[in-house]
Structure formats: C-alpha cells, structure tokens
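Data block below; observations after.
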2 protein chains.
Amino acid sequence: MEKKQIQEQRMRGYFIEATKNILRSEGVQGISVRRIADEAGYSFATLYNYFRDVRQLIFICVGDFQEECRARIAQQAATIPPGKEHLKTVLKGYLEYFTEYPGIFQLFFIEKLTDISTSRDTADRIYGFLDTLCDADWQYLIDQGDLTPELVALRRQMANNLTAGLLLFYLHRLSPGDWPTFVNQAALQIDTLLIG
Amino acid sequence: MEKKQIQEQRMRGYFIEATKNILRSEGVQGISVRRIADEAGYSFATLYNYFRDVRQLIFICVGDFQEECRARIAQQAATIPPGKEHLKTVLKGYLEYFTEYPGIFQLFFIEKLTDISTSRDTADRIYGFLDTLCDADWQYLIDQGDLTPELVALRRQMANNLTAGLLLFYLHRLSPGDWPTFVNQAALQIDTLLIG
DNA sequence: ATGTATTCTGAACAATGTTCAATATATTTG
DNA sequence: CAAATATATTGAACATTGTTCAGAATACAT
C-alpha cells in the first residue's frame, strides 16, 4: 500500500511548503496554525492528521532550510580548493543566506528552541550546522601542517561565535546599517581570525 | 500632590519587582500578565493602570538588569587600572552575569525585540550595552598608542560579536557543556583577540 | 455624612494551539 | 452498481494568552 504513503507525503508537503513560505517572507511571527492551513488549502484541524503539532512542522522546515543553505554554499564554493579561501567562501555564503532570509535566522538562533523541539539533538543540529560546513577545511588546515590541532580547535570555536554574533548584531540591531558595510566588516573580522 | 506620585511609583515597583523575579527564575517563558499580577498581589487588570502594556513593563526590567549588571562589573573591576586587563575583567563579568541569569540573556538577545519595544533606541541600548562598558578601555588603548584607532574599531566589533556568540552557544546549545570549560575557552578566545 | 474622585477588578473579547465528535469522502464488499 | 465500512476532513469547543471597559470598592473632600 505505497499509494497511501505517497498521498500522505504529498499532504505533508503542502503544509510544509506553506510553512516555509510564511517563514521566508514573514518569519516566525507570521506563523499560526490557522494561517498555515489556509495557505495549504485545508482546515487547521487537518494539519493535526499529518503532524503531531506545529513544532514538528517547524522542525522539518529547519532541516529543509539547512539543506537549501548547504546546497547553495556547496555550489558557490565548488571550484575553490579546500583551505582558507574555501573556508572564507563558506562563511560568506552562510552570512549571505541568513541575511537574505532574516526570518530563518530568527527561527534558528533566536526563537526559543523549546518552541521547536525540546530534544538536545535539535539544538546540536542547529548550532553545529555551520561547523559541519567548515569541517573539511579545518581538517585540511591541520593535515597541511599549517596550524596545530589545538590552534584549529580554538579558531574553529571563534569562527562559530563570531559568525553568530555578526548575524545577531546585523539582523537585530541593524549594525552595521547597510549590507556592503556588513560584508566588508565581516570579511575583515574573518581575515583577522584566520591570519592573525 | 507628590503623595500621588510616591504611591504610584510604589505600585509600579510592585509589578516591576514581580516581573524581575519571574524573569530571573524562569525567564521570559514564565511571564504572563496574570502571573505577574498574582505575584504582585493585584488583579491583572490593575497592571494596566500603571503600564501601557506588558512590553513596557519588560522594557523597564531590561534597564534595571543592565544597571545591576553594570554595577556588579564596576565593583569587580574597580581596582584594576584601565587597559587590557581591565577589559578582560569586564568581559568576564559580563559573561558571568548572563550565565547566572540565562533568562535575562534570553530577554536581551533572544526574545523578539518587537515583544519588548519596536523603537530603534531599545535595540541600540541592548546591543550596544557591552560596548559602553568597554568604551573607556578601548579609548585608553588608542590613547596609549598601543593600537591604531582602526585596529581598535575592528577588535571592538569582534569583541562584541564574540561575546554574544559565546553566550548564545553556551546557553542554548550547552556548548561547552560545563562552566569551567566555558570560562576557560572564553578566556582563551578573548586573549587571542586582544593579543593576536 | 454625604458626594465625588480615584483605584481596583472580574467579565468579556479576540487570537492562540489543540482535541474530538461529527460530517464528508474513498474504498471495499456483497 | 449499491450498501457497508474505513478513512479524511472539518468546525465547534476548550484552555490560555494580552487587553479593554463598565462597574464595584475604596479614598478623599466637602
């Protein structure tokens, strides 16, 4: 009976797509069960036949957005060999993605995680996401003998923290005030981290 | 008729104190108008005689917590002369304060700012807070000729971003998992930033 | 003490997420 | 093809949220 599975998956897809559209355009504050169902063309009660609750639905969107982000960055950095330049491209792509979709950044880092999932796994997956994107490059720097493992571990943490902070300040405080300045400052800070 | 003013201020104080207690112990998710009023010993409707809405109440708490944090750090760093060591103490005190009260960190950085205030001022005050605490030290480093103004501007931004990121990861992802490790890593990262 | 001003409060409203019994639709069976 | 059964969809209903407002309780003034 795989027909059932296909139909069910399609239904889930409608709700997921609706949710992602709202998140992309309006962020988390645009989300409500009735709104999602409206957008999907069903009653709000129908949603509960396909998802435990709205948190599960949002949780799925987090995964989808991560995949989207990962794919985009992979394409941007495809031609660059591993190492510092590749790493810079990844970080820049990461910053680009979330500044294009501030609502998704908010969903990832700002929203109370308990609203998405209480599991520790979820937090790890969200907060460890950037690190997984950079993993190969850091490893490469160790293998090349450019940097000691201890130094890489430190820089790695700093890169994660710095990036999160950059987005937090830019998207929430609008500091710096415009995109070119932001990119400029971000590049400077990342350079400082990688070279210094 | 200043008696009225005093009484009114006292009433406001009851609600503010109740709100602060909840924020300290349970964070933003513990907040509700009825809960605050209960804690203050009044009906929820009474709250609206003294505050425009709950956002104004929370906004006041933000200011109070900042003052509390500032005072504590000032005391910790009182005996240290301006410069890098003083700066480190301030940053450490800042990290300490928010790890002691994770709910306040959440209130400051995680909660949707629109839930507190829509004004740009508020965002500036929250996100610029750490920077004001460090202002004198950065200025000192320039005046001493230790670092160029441009270099200080860069490090300054990095310090803000790094600190926010550190707290974000520690409090949300529990990474690193324990307090001593966190302090250790934080110190290392700050040293790297200031020396390197 | 009586009348007026002020302060306090529960009822009520709209919006939220969620549940559930009933309705509508699909599927199977005779 | 019709009847019976299983499944899918739905709105009504509930609890909880922030907020408003008319009236009740209290304080103050005459």
Side-chain angles (χ1 to χ4, degrees), chain A residues 1-20 22-23 26-62 103 106-107 111-118, chain B residues 1-19 22-23 26-62 103 106-107 111-118 122:
Chain A
M1 288 305 105
E2 64 176 16
K3 276 201 282 184
K4 277 285 154 58
Q5 306 259 335
I6 292 173
Q7 290 174 9
E8 195 171 316
Q9 200 49 43
R10 205 169 358 230
M11 283 295 291
R12 292 169 69 93
Y14 297 149
F15 286 104
I16 292 169
E17 214 46 54
T19 308
K20 288 203 281 187
I22 298 171
L23 286 171
E26 302 177 37
V28 188
Q29 51 259 62
I31 291 289
S32 84
V33 172
R34 284 164 177 81
R35 170 82 187 282
I36 293 170
D38 261 12
E39 211 103 342
Y42 287 92
S43 160
F44 59 88
T46 309
L47 190 150
Y48 289 91
N49 293 331
Y50 297 95
F51 303 94
R52 195 178 342 104
D53 51 31
V54 73
R55 289 158 65 227
Q56 190 190 10
L57 187 48
I58 292 174
F59 175 71
I60 292 168
C61 293
V62 168
Q106 187 192 328
L107 173 64
E111 201 59 14
K112 291 186 290 288
L113 277 178
T114 52
D115 286 356
I116 303 171
S117 164
T118 44
Chain B
M1 286 303 107
E2 62 176 16
K3 276 201 281 184
K4 278 283 154 58
Q5 306 258 337
I6 293 174
Q7 290 173 8
E8 194 171 316
Q9 201 48 44
R10 197 153 24 213
M11 283 294 291
R12 292 169 69 92
Y14 298 151
F15 286 103
I16 292 169
E17 215 45 55
T19 308
I22 298 172
L23 286 171
E26 301 176 37
V28 189
Q29 52 259 59
I31 291 289
S32 86
V33 172
R34 285 163 175 81
R35 170 80 188 283
I36 293 170
D38 261 13
E39 211 104 343
Y42 286 93
S43 160
F44 59 87
T46 308
L47 190 149
Y48 290 90
N49 293 331
Y50 298 94
F51 303 93
R52 193 176 347 102
D53 50 32
V54 74
R55 288 158 64 228
Q56 190 190 11
L57 187 48
I58 291 174
F59 174 72
I60 292 168
C61 293
V62 168
Q106 186 192 329
L107 172 64
E111 202 58 15
K112 290 187 290 289
L113 277 179
T114 53
D115 286 356
I116 302 170
S117 164
T118 45
T122 309

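All values derive from a computational prediction rather than experimental measurement. Lettering follows sequence order; numbering is per chain, from 1.
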Taking atom [atom2] of [N] as reference, at what distance in whole Å does atom [atom1] of [X] sit?
X	N	atom1	atom2	result
A:R52	C:dG17	CZ	P	16 Å
B:L57	D:dT17	CG	P	16 Å
A:K4	C:dT28	NZ	C1'	11 Å
A:R55	C:dT16	CZ	P	19 Å
B:E8	C:dT6	CD	C1'	11 Å
A:F15	C:dT18	CZ	P	13 Å
B:K3	D:dC28	NZ	P	7 Å
A:Q29	C:dG17	CD	P	13 Å

Problem set entry | Test: A:R12 cationic atom under 6.0 Å from A:Y50 six-membered ring centre, within 45° of axis |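 Judged by the rule, A:R12 and A:Y50 form no cation-pi pair.
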Closest approach of [X] and [Y], non-hydrogen atoms and distance?
X	Y	answer
A:I16	A:C61	O-SG, 4.0 Å
B:Q56	B:R52	OE1-N, 2.7 Å
A:A18	A:A40	CB-N, 3.9 Å

For this session: Could you tell me whether the side chain of A:F15 reaches within less than 4.5 Å of the side chain of A:I36, counting heavy atoms only?
Result: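 Sidechains of A:F15 and A:I36: in contact.
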Problem set entry | Pairwise side-chain contact, B:R34 with B:D38, heavy-atom cut-off 4.5 Å (strictly under) |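 In short, these two side chains do not touch, never coming nearer than 4.5 Å.
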For this session: By nearest nucleotide on DNA chain D, pick out whichever of B:S32 and B:Q7 is the more 5' one.
Result: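 It is B:S32, whose closest nucleotide lies nearer the 5' terminus.
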Exercise. Hey, is the side chain of B:R34 pairing donor to acceptor with the base of D:dT19 inside 3.5 Å?
Worked result: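 Such a pair is found, so the answer is yes.
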Exercise. What residues in residues 44-51 of chain A put a non-hydrogen atom under 4.0 Å from any atom of DNA chain D?
Worked result: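 Within residues 44-51 of chain A, the residues near DNA chain D are A:F44, A:A45, A:T46, A:N49, A:Y50.
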What pairs of nitrogen or oxygen atoms, one from the protein and one from nucleotides 24-27 of chain D, lie under 3.5 Å apart?
none

For this session: Go through C:dG17, D:dT10, C:dC8 for me and flag the one nearest to the B:Y42 side chain.
Result: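 Shortest atom-to-atom distance from the side chain points to C:dC8.
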Problem set entry | Spacing of A:I60 atom CD1 and A:K20 atom NZ [to the nearest 0.5 Å] |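 That separation rounds to 10.0 Å.
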For this session: Drop me the distance from B:L107's CG to B:T19's OG1, to the nearest 0.5 angstrom.
Result: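 One gets 10.5 Å once the value is rounded to the nearest 0.5 Å.
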For this session: Identify the residue among B:L47, B:N49, B:T46 that makes a side-chain contact (heavy atoms from CB on, under 4.5 Å) with B:M11.
Result: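 The passing option is B:T46.
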